[in-house]
Protein chains: 2
Amino acid sequence: MSRERTDAQPGNQTSSQRAQPRLRVAVVDRDPGFMQVLANRLGALGCEHRALSSPATVETLVAMRLNALVVDLAVIGPESWDYLERVCGRLPGLAVIVCTGPSSVAQRVRGLRLGADAWMTKPCHPEELICVIEAAVRRHRRHELPQVDVAATIGEITVRPDLYQAYVAEQSLELTAREFEILQLLAQSDRVLRREEIYERVWGYAMAHGDRSVDVFVRKLRQKLRAISPAWNYIHTHFGVGYRFAPEPEVLELDEAGSADVPAPEFPAALTR
Amino acid sequence: MSRERTDAQPGNQTSSQRAQPRLRVAVVDRDPGFMQVLANRLGALGCEHRALSSPATVETLVAMRLNALVVDLAVIGPESWDYLERVCGRLPGLAVIVCTGPSSVAQRVRGLRLGADAWMTKPCHPEELICVIEAAVRRHRRHELPQVDVAATIGEITVRPDLYQAYVAEQSLELTAREFEILQLLAQSDRVLRREEIYERVWGYAMAHGDRSVDVFVRKLRQKLRAISPAWNYIHTHFGVGYRFAPEPEVLELDEAGSADVPAPEFPAALTR
DNA sequence: CGTCTTGATCACAGGATGTTTACACGCAAT
DNA sequence: ATTGCGTGTAAACATCCTGTGATCAAGACG
């Protein structure tokens with residue numbers, strides 16, 4: 001699965017707000033006039049937009065990092081409902097606006113129930129459509145980041161979102177972007193987080209069934225944390241539930257000679273091969 | 001009977017989504033028929049609803065702790081726009097749906113720009129309106145989770161859903177995920193729960209006939225509770241019915257002494273079946 | 001008092017869940 | 001191109017939770 005971290009620096013996006021483009025919108029439609037008008041308006045508003053004449057796969061949509069998707073169900077055809085369900089299910093953070101020709105109440109109800117945010121009937125005024133898109137996106141963004149860029153210290157751990165840097169008792173931790181985001185999320189949440197929740201908030205979309213990425217990153221985090229304070233376990237596992245960050249570290253009983261754990265003071269990733 | 005829990009799936013939200021009315025909605029309108037139909041549907045869905053024939057002040061709305069507000073601008077009159085702006089500005093967490101008679105594109109655009117989440121034109125199908133309300137609220141709720149589950153203390157028992165942890169008189173109980181969920185359910189319900197009900201709410205699907213899992217988990221719970229306070233029995237068995245959590249623990253007769261007489265025949269046998 | 005039904009308790013096999021390791025892929029910098 | 005590094009997948013391994021069946025105790029009912 002393509003998961004790029006295109007803009008790897010400061011104002012990272014995944015879990016926090018996007019940098020410049022006001023909005024990133026894709027439109028799936030086949031009416032050139034409609035597309036053109038919409039594109040003009042979106043462009044004028046400073047939104048990044050992309051026109052698609054056929055439905056993109058879920059993976060593609062994920063890769064595009066959209067805020068909103070406008071779709072004419074007529075373009076998709078008979079499997080429209082499936083498509084809608086898949087997209088809404090997999091990208092709960094995406095605003096989906098169905099903009100289609102005349103429809104029955106039952107159809108509109110069905111679409112909304114499957115997760116669409118709004119249903120517009122063509123022909124519609126572009127300005128109104130834009131407002132609807134913005135209204136839908138507004139909701140997503142409101143709770144997107146309660147308080148970012150505020151350095152926080154939780155127990156021995158200090159997190160500096162502005163620098164993408166974490167510290168354990170003054171000592172700096174060398175974390176990758178994703179590791180940092182997970183640590184930040186865990187440290188700032190004073191409760192048990194389910195894997196699905198961690199995934200969704202860090203990756204930005206729903207976790208696929210059976211995905212173990214979170215576990216692996218937790219392991220990497222634990223490993224690096226252990227390299228600095230070998231006797232403490234900051235991340236508790238709640239079997240059958242998820243993980244929780246423990247501000248007051250639980251003391252581990254390390255048998256004789258911290259053997260098995262700390263690979264080396266250096267960072268093991270470099271030595272693996 | 002083979003019971004697969006294959007679909008233990010996307011995290012057991014069982015515990016997180018119970019309690020509370022599904023939605024709290026207020027409707028500002030003057031059409032009695034419309035209000036009645038809407039009230040019926042909302043009631044059937046388990047939503048708390050309230051009808052208002054004149055606009056409530058912002059303060060009142062705050063006090064009502066609403067999830068959504070449906071408003072007919074005609075009821076408010078000329079200062080509709082001001083009102084909309086005030087409400088949306090002051091309660092960013094409230095979903096506002098304008099449901100009004102015929103309007104111009106300019107009006108709809110203005111309403112949405114001021115912060116409304118959706119604009120429905122009367123006459124509209126109640127079912128569709130409900131779907132629109134739900135779609136709007138869905139967005140707010142997505143990241144609302146952190147505060148949803150609050151700690152509760154029932155008698156000597158304290159339940160902390162955020163930590164997946166329970167306490168008996170300050171002392172922590174080591175429970176597995178399932179055990180915790182059952183204890184939470186019992187402790188938060190002030191009544192007798194049938195086995196089928198417990199099973200369905202914890203496991204997420206119907207109990208197979210003859211399944212004894214609930215009994216076994218109750219046993220484990222009792223065992224762990226007894227380990228901390230040996231003289232008390234928190235979980236009462238109602239023969240032929242189910243279980244009930246007793247906030248004021250029943251004192252057990254240890255050894256012989258005042259044997260046979262168990263106090264509290266509070267519930268008269270509750271029909272044998 | 002005897003019998004039937006329902007619940008309690010126990011031990012354990014099976015399997016779901018979590019951990020660790022190794023490696024393939026793709027982007028970015030050289 | 002090549003290399004390095006971060007990311008995510010697959011598979012082996014370790015844990016320990018879960019649900020079942022058997023057995024025993026207790027209520028219901030005649």
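Here is the naming used below: chain letters follow the sequence lines, and residue numbers restart at 1 for every chain.
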In this structure, how many angstroms lie between the P atom of dA8(C) and the CZ atom of R226(B), rounded?
11 Å
Six-ring centre of W232(B), R226(B) cation under 6.0 angstrom, axis tolerance 45°:
no
Provide, to the nearest angstrom, the distance between the CD atom belonging to Q223(B) and the P atom belonging to dT9(C).
8 Å
Measure from NZ on K224(A) to C1' on dT7(D) and round the result to the nearest Å.
12 Å
Between dT7(D), dT6(C), dC10(C), which one does the side chain of F239(B) approach most closely?
dT6(C)
Taken to the nearest whole Å, CG/N233(B) to C1'/dA26(D) is 15 Å
K224(B): which residues meet the side-chain hydrogen bond (donor to acceptor under 3.5 Å, both in side chains) condition with it, sequence neighbours left out?
E179(B)
Please enumerate all residues that pass side chain to side chain contact (heavy atoms under 4.5 Å, CB included) together with M207(A), with sequence neighbours excluded.
R195(A), E196(A), Y199(A), D211(A)
For R212(A) and dT17(C), is the shortest distance between a side-chain N/O and OP1 or OP2 below 4.0 Å?
no
dT18(D) OP1/OP2 closer than 4.0 Å to side-chain N/O of S213(B)
no
Pairs involving residues 174-193 of chain A, ordered by first then second residue, that meet ring pair (Phe, Tyr, Trp, His ring centres under 6.0 Å) (sequence neighbours left out):
Y164(A)-F180(A)
Take the protein atom NE2 of H238(A) and the nucleotide atom P of dA16(C), then report the distance between them rounded to whole Å.
23 Å
Given dC17(D), dC10(C), dG8(D), which nucleotide is nearest the side-chain atoms of V216(B)?
dC10(C)
Using whole Å, what does the distance between atom P of nucleotide dT17(C) and atom OH of Y164(B) come to?
13 Å
Could you write out DNA chain C as a dot-bracket string, with dots for unpaired bases, | for bases paired across to another strand, and Watson-Crick or G-U pairs counted at under 3.5 Å?
||||||||||||||||||||||||||||||
Less than 4.0 angstrom between a side-chain N/O of W203(B) and OP1 or OP2 of dG19(D), yes or no?
yes
Taking E197(B) first and then R191(B), would you say they form a salt bridge - that is, a charged N and a carboxylate O separated by under 4.0 Å?
yes
State whether Y243(A) places a side-chain N or O below 4.0 Å from either non-bridging phosphate oxygen (OP1 or OP2) of dT19(C).
yes
Counting just side-chain N and O atoms, does R222(A) come under 4.0 Å of either OP1 or OP2 of dT19(C)?
yes
Taking only residues two or more places apart in sequence or in another chain, which ones pass ring pair (Phe, Tyr, Trp, His ring centres under 6.0 Å) with Y83(A)?
none
Heavy atoms from C-beta onward define the side chain here; which of dG18(C), dA8(C), dT7(D) lies closest to that of K220(A)?
dT7(D)
Under 4.0 Å: is that the gap between some side-chain N or O of R178(B) and OP1 or OP2 of dG19(D)?
yes
Any residue meeting ring pair (Phe, Tyr, Trp, His ring centres under 6.0 Å) with Y167(B), in chain and number order, not counting sequence neighbours:
none
Whole-Å distance between dT17(C) P and R219(A) CZ?
22 Å
I235(A) CD1 to dG18(C) C1', in whole Å, measures 14 Å
